[in-house]
Amino acid sequence: MDTDETFPLRDVLDRAADALPPLPDLVPLAVREGRRRRARARFATAAAAFGAVTAGALGLTLLPGNGPAPAMPAAPHSSPGVSASPSVSPDASYPPVVVEETPGVPPPDNPDGLSEAERERRAVHQQRVAALLDELLPAKVTGIRPVKDKVAGYRITADGTTFHLAVSVRRSDDLTLDECPDRPDPRIVCETVAFGGDHEAQLLSLATNEPGTAASYVRFVYGGSRVRLSVEPEGVSSPVTPRQLLAVAEDPRFLDLVEEADARPVEEKEPPVIVGG
């Protein structure tokens with residue numbers, strides 16, 4: 001039952017509510033958060049698959065229990081002939097896409113002649129990278145597909161347009177980065193930034209083949225490898241800025257993947273640079 005004291009209190013609450021701004025539209029926020037949660041779940045699933053594949057390649061058997069997991073060497077060699085887990089193919093969270101270098105000419109299957117265990121290991125690496133890209137890139141990037149048999153290659157979609165994105169970790173004898181240009185150039189925006197405590201990255205925006213368009217790059221050195229994240233479009237600008245690529249590069253989970261790929265490479269070592277000649 002209402003009392004005489006209830007009505008003044010209700011009036012005060014009504015006036016306070018009228019003074020509040022309208023509630024924001026929560027749908028875009030909910031969609032983005034849902035996408036991030038799915039990406040985090042996919043990353044966890046791919047990480048578990050990576051452990052299973054690595055254990056299989058090493059000849060280890062992982063059994064459930066309360067004891068510690070068996071220790072694995074930092075840079076083991078893959079063992080040919082080990083059966084691979086089907087965890088990432090054909091029902092992978094981020095199905096791989098086949099890219100034809102020459103339109104109408106399908107690329108050969110397994111062009112590098114890898115063992116099935118090694119192909120699976122690299123495919124799981126791509127799944128883990130794709131999950132982080134899905135979570136950390138801007139929301140306008142709506143599709144992420146690893147390129148089959150191209151461990152550094154990904155196809156992303158933004159505003160209905162497809163772009164090539166590279167995430168490369170390659171062992172190299174040359175562990176220096178080119179210096180940013182020391183003179184102004186309207187076609188190049190370059191800066192060096194610190195991240196992750198003791199790392200430096202070079203952020204580069206570079207004009208492409210059309211006026212007013214730009215490609216985006218982040219480059220840094222980790223361990224004995226050169227690392228590159230890049231989006232190189234044709235005729236349009238990259239939908240992802242170097243700073244947005246840096247947000248991926250500096251995530252601790254991404255650096256964990258880089259550390260693993262540095263210890264146990266997923267790409268061929270960079271050829272030596274030939275000076276002169």
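For the pair D149 and R122, the salt-bridge criterion is not met [side-chain N within less than 4.0 Å of a carboxylate O]. Using a cutoff of 4.0 Å between basic side-chain nitrogens and carboxylate oxygens, D262 and R170 are not scored as salt-bridged. D109 and K148 are joined by a salt bridge, as a carboxylate oxygen and a charged side-chain nitrogen come within less than 4.0 angstrom of each other. Looking at E260 and R121, no side-chain N of the basic residue comes within less than 4.0 Å of a carboxylate O on the acidic one, giving no salt bridge. Between E267 and R226, no side-chain nitrogen of the basic residue sits less than 4.0 Å from a carboxylate oxygen of the acidic one, so the salt-bridge criterion is not met.
Note: Y154 and Y94 fail the aromatic proximity criterion, with ring centroids not under 6.0 Å apart.
A side-chain donor-acceptor contact under 3.5 Å links T208 and T213.
Judged purely by atom type and a 3.5 angstrom limit, Q126 uses its side chain to pair as donor or acceptor with the backbone of K150. The backbone N or O of E118 sits less than 3.5 Å from a side-chain atom of S115, completing a donor-acceptor pair. Proximity of a side-chain donor or acceptor of E232 to a complementary backbone N or O of H164 within less than 3.5 Å is not detected. Put simply, the side chain of S225 never gets that close to the backbone of V169: no donor and acceptor are under 3.5 Å apart. A donor-acceptor pair is defined here as one N or O able to donate and one able to accept, closer than 3.5 Å; no such pair exists between the side chain of R219 and the backbone of L229. The main-chain N or O of Q244 is found under 3.5 Å from a side-chain atom of T241 such that the two form a donor-acceptor pair.
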Could you give me the CA-CA distance, side-chain angles and deciding distance for V141 and D134, then say whether side chain to side chain contact (heavy atoms under 4.5 Å, CB included) is met? CA-CA 8 Å; V141 177; D134 194 12; over 6 Å; no
Does E135 form a salt bridge (Lys or Arg N to Asp or Glu O under 4.0 Å) with R253? I'd like the steps, not just the answer. CA-CA 12 Å; E135 178 182 342; R253 295 165 298 172; 3.1 Å; yes
Would E259 and L255 count as a side chain to side chain contact (heavy atoms under 4.5 Å, CB included) if you check the C-alpha gap in whole Å, the side-chain angles of each, and the deciding distance to 0.1 Å? CA-CA 6 Å; E259 185 174 7; L255 293 178; over 6 Å; no
Side chain to side chain contact (heavy atoms under 4.5 Å, CB included) between D174 and E270, intermediate numbers included: CA-CA 9 Å; D174 180 10; E270 282 190 347; 5.5 Å; no
Could you walk me through whether L133 and V129 satisfy the side chain to side chain contact (heavy atoms under 4.5 Å, CB included) test, starting with their C-alpha distance in whole Å, then the side-chain angles of each, then the deciding distance to 0.1 Å, before giving a yes or no? CA-CA 6 Å; L133 294 173; V129 172; 4.0 Å; yes
Tell me, with the steps shown, if D173 and K269 meet salt bridge (Lys or Arg N to Asp or Glu O under 4.0 Å). CA-CA 9 Å; D173 294 327; K269 184 177 179 179; 2.9 Å; yes
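Counting all heavy atoms, side chain and backbone alike, P265 lies closest to R171 at CG-CG, 3.7 Å.
Screening residues 190-199 for side-chain hydrogen bond (donor to acceptor under 3.5 Å, both in side chains), with sequence neighbours left out, gives E191-R243.
Hydrophobic cluster membership differs between Y222 and L177, with clusters built from Ile, Leu, Val, Met, Phe, Trp and Tyr side chains linked at under 4.5 angstrom.
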